[in-house]
Amino acid sequence: MSQIRPLSFRLNGVDTSVTVEPRRTVAEMLRSDLRLSGTTVGCEQGSCGSCTVIVDGEPVRACTLFAVQLEGRELRTIEGLARDGSIQALQEAFVEEDAVQCGFCTSGFLVLAAAALESDPFIEDEAIDALVSANLCRCTGYGPIRRAVRKAAKTTRRAT
Amino acid sequence: MTPASFDHHAPRTIDEALGLLAQAGGDARILAGGQSLVPAMAFRLAQPSVLVDINRLTDAPGLVEESDRLEIGPLVRHETLRRMPSRTPLGEVLAHLADHIGTWPVRTRGTFCGSLAHADPASEWGLAVVALDANLTLESASDGPRSVPASEFFAGMQMTAAREEEMLTAVTIPALPATARWGFAEFGRRTGDFATVLALVVHELKGGRMTGVRIAVGGVEDVPRRLGPAEEALEGAAPSKVRFEQAAEIASEIVEPLEDPLSDALHRRELVREMVLRALQRSTR
Ligand SMILES: Cc1cc2nc3c(=O)[nH]c(=O)nc-3n(C[C@H](O)[C@H](O)[C@H](O)COP(=O)(O)OP(=O)(O)OC[C@H]3O[C@@H](n4cnc5c(N)ncnc54)[C@H](O)[C@@H]3O)c2cc1C
Ligand code: FES
Ligand code: FES
């Protein structure tokens, strides 16, 4: 009934072709088919944000998007952002501020913050507080994550 | 958790989409933002055999504001409404409500029309369309378009007047007068999630008196609705603390609240009183 389909999109800057079942979510495809396990899956219902990825410049929950919907689109994941150096300031700030405990939520927060800083380098502190409330962290109590993103925003602004 | 298998279609035109829905005879679902449908499919609460993915439509109307109305097409996302540059009262109400829906990554995908079709009783957009007297256009391959007033659209918890082969293709909201006042209040346990109870108030102040008073609540009963007797209590009156408290009291008495383990009927009634009161106070600030 449901056909396995060819799919082409850009993944972290590289043209990528795969075959997927329509019911494959982007999160599942990344982790199981492409072995990119930096995108973590917590709730599978769009609530926790651990699976956040960037599609055509906007943050999206990879568990609520089917892979077939990516045809012709540009997908960026934590692996690509880490490799191309674009989240270096965020990574350093997360370490310095102890914003990582168990680490399950970390890649989701980094991707979310990266999308926010890219779309608005002058993002205000209050907007950062609202931003981080999008994702769930069971460990840190959010204070360190807020401080880390604020710090990275300052560093990024200075560099531009 | 893996959804049941389905066929995926991404039509380019509304006609094509309506054709696919008609052909599937009830086994198809429209996929818009996927922020309610995909989780439901992951948990197999929904198992459509065909998905008509409307995200690639090229002929869907967008977001258009005219002097007398605002039209919202099927692919207008929550985030687009939140960032809407409009400075009319109607534009301001919608942008303010959008800010209360989910979080950024949910808003970049989720659509206005998808939220109405999903018909969660606590949806901000459900509340908005009943409070603002919107008209919904439903379209099918066999019967073409028909217009349904928002007050007749919601039929129950996640149930609407839309038939299975119909698509919500546009929502039209009449403009608010430039002098319109509005106030919104909601109570929720967590930001970024559905509220428990929400209230929206709209009116005009003419010569110090309130006219055209509209008070709507959501999350209380199985559908959002206007509260006529509370509106009537304020029509023609000068705004005052006492009047507002009276109207809020009436509102809390005439609702027939839903109950859930986190909020029983008494709790919801109290929330209706408080949210209506706050919305009224905010409307005269
Ligand atoms: C973490 C989280 C928090 C959220 N918080 C809120 C909140 O605070 N307030 C709120 O209101 N919502 C909230 N939502 C829900 C969100 O607003 C959804 O976007 C919305 O309910 C459904 O819109 P959608 O475009 O994603 O539709 P989909 O999920 O794609 O579809 C939902 C249903 O509507 C049908 N449908 C979609 N479009 C049409 C159409 N044009 N015509 C006919 N049928 C159609 C589908 O077939 C399906 O049955 C939240 C969701 C998540 C994941
Ligand atoms: S796993 Fe996607 S939002 Fe939780
Ligand atoms: S560090 Fe453990 S969930 Fe955030």
Side-chain angles (χ1 to χ4, degrees), chain A residues 1-5 7 20-29 32 41-73 108-109 111-113 115-116 119-120 123 127-136, chain B residues 1-10 12 24 27-29 31-56 75 77-80 82-83 99-111 114 118 188-194:
Chain A
M1 188 186 78
S2 100
Q3 302 284 311
I4 296 204
R5 288 232 301 244
L7 165 70
V20 287
E21 253 192 292
R23 63 173 164 170
R24 205 68 156 164
T25 61
V26 172
E28 271 298 309
M29 174 189 71
S32 304
V41 171
C43 66
E44 290 185 71
Q45 49 176 299
S47 304
C48 75
S50 71
C51 67
T52 307
V53 295
I54 301 177
V55 177
D56 289 347
E58 289 188 316
V60 168
R61 293 182 160 172
C63 68
T64 64
L65 192 71
F66 291 114
V68 289
Q69 297 185 270
L70 286 175
E71 183 64 45
R73 308 266 192 231
F109 274 103
V111 175
L112 179 74
S119 88
D120 180 11
I123 182 167
I128 289 176
D129 293 350
L131 176 82
V132 301
S133 77
N135 285 14
L136 276 182
Chain B
M1 287 182 290
T2 305
S5 290
F6 58 84
D7 279 329
H8 174 260
H9 299 276
R12 299 294 156 133
D27 286 338
R29 293 286 277 275
L31 174 65
Q35 298 305 293
S36 296
L37 182 57
V38 181
M41 289 174 65
F43 288 90
R44 301 219 175 183
L45 298 170
Q47 304 193 17
S49 59
V50 173
L51 275 196
V52 179
D53 176 354
I54 59 171
N55 289 282
R56 306 268 172 169
L75 286 176
R77 318 269 170 189
H78 307 322
E79 188 66 11
T80 307
R82 195 178 79 92
R83 295 182 187 220
D99 197 39
H100 286 80
I101 301 177
T103 57
W104 187 26
V106 171
R107 291 193 297 261
T108 59
R109 297 292 311 164
T111 65
H118 183 62
R189 287 178 181 267
R190 285 186 295 164
T191 55
D193 213 336
F194 280 103

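Numbers restart at 1 for each chain; the letters A, B, ... are given by sequence-line order, proteins then strands.
Contacts between A:E28 and chain B at a heavy-atom distance below 4.5 Å are absent for every atom of the residue. For B:A42, the part sitting under 4.5 Å from any heavy atom of chain A is the side chain, from C-beta outward, and nothing else. Of the atoms belonging to B:A4, it is backbone heavy atoms, and not side-chain ones, that fall under 4.5 Å from chain A. Contact annotation for A:R24: neither backbone nor side-chain heavy atoms come within less than 4.5 Å of a heavy atom of chain B. Only the side chain of B:L51 comes within contact range of chain A, with heavy atoms under 4.5 Å apart. Only the side chain of A:L131 comes within contact range of chain B, with heavy atoms under 4.5 Å apart. For A:A130, no part lies under 4.5 angstrom from a heavy atom of chain B.
B:R107 contributes no side-chain N or O that, together with a main-chain N or O of B:H100, makes up a donor-acceptor pair within less than 3.5 Å. The backbone N or O of A:T64 sits nowhere less than 3.5 Å from a side-chain atom of B:R109 that would complete a donor-acceptor pair.
Interface check for chain A: of the options B:L31, B:V50, B:D193, B:V106, the most heavy-atom pairs under 4.5 Å are formed by B:L31.
The one candidate from A:V55, A:D56, A:V53 that meets the side chain to side chain contact (heavy atoms under 4.5 Å, CB included) condition with A:L70 is A:V55.
Under the 4.5 Å side-chain criterion, counting only non-hydrogen atoms from C-beta, B:H118 is not in contact with B:Q35. Residues A:V60 and A:V26 have side chains not in contact (no heavy-atom distance under 4.5 Å, counting atoms from C-beta outward).
Side-chain contact annotation: B:E79 with B:T108, donor-acceptor N/O pair under 3.5 Å absent.
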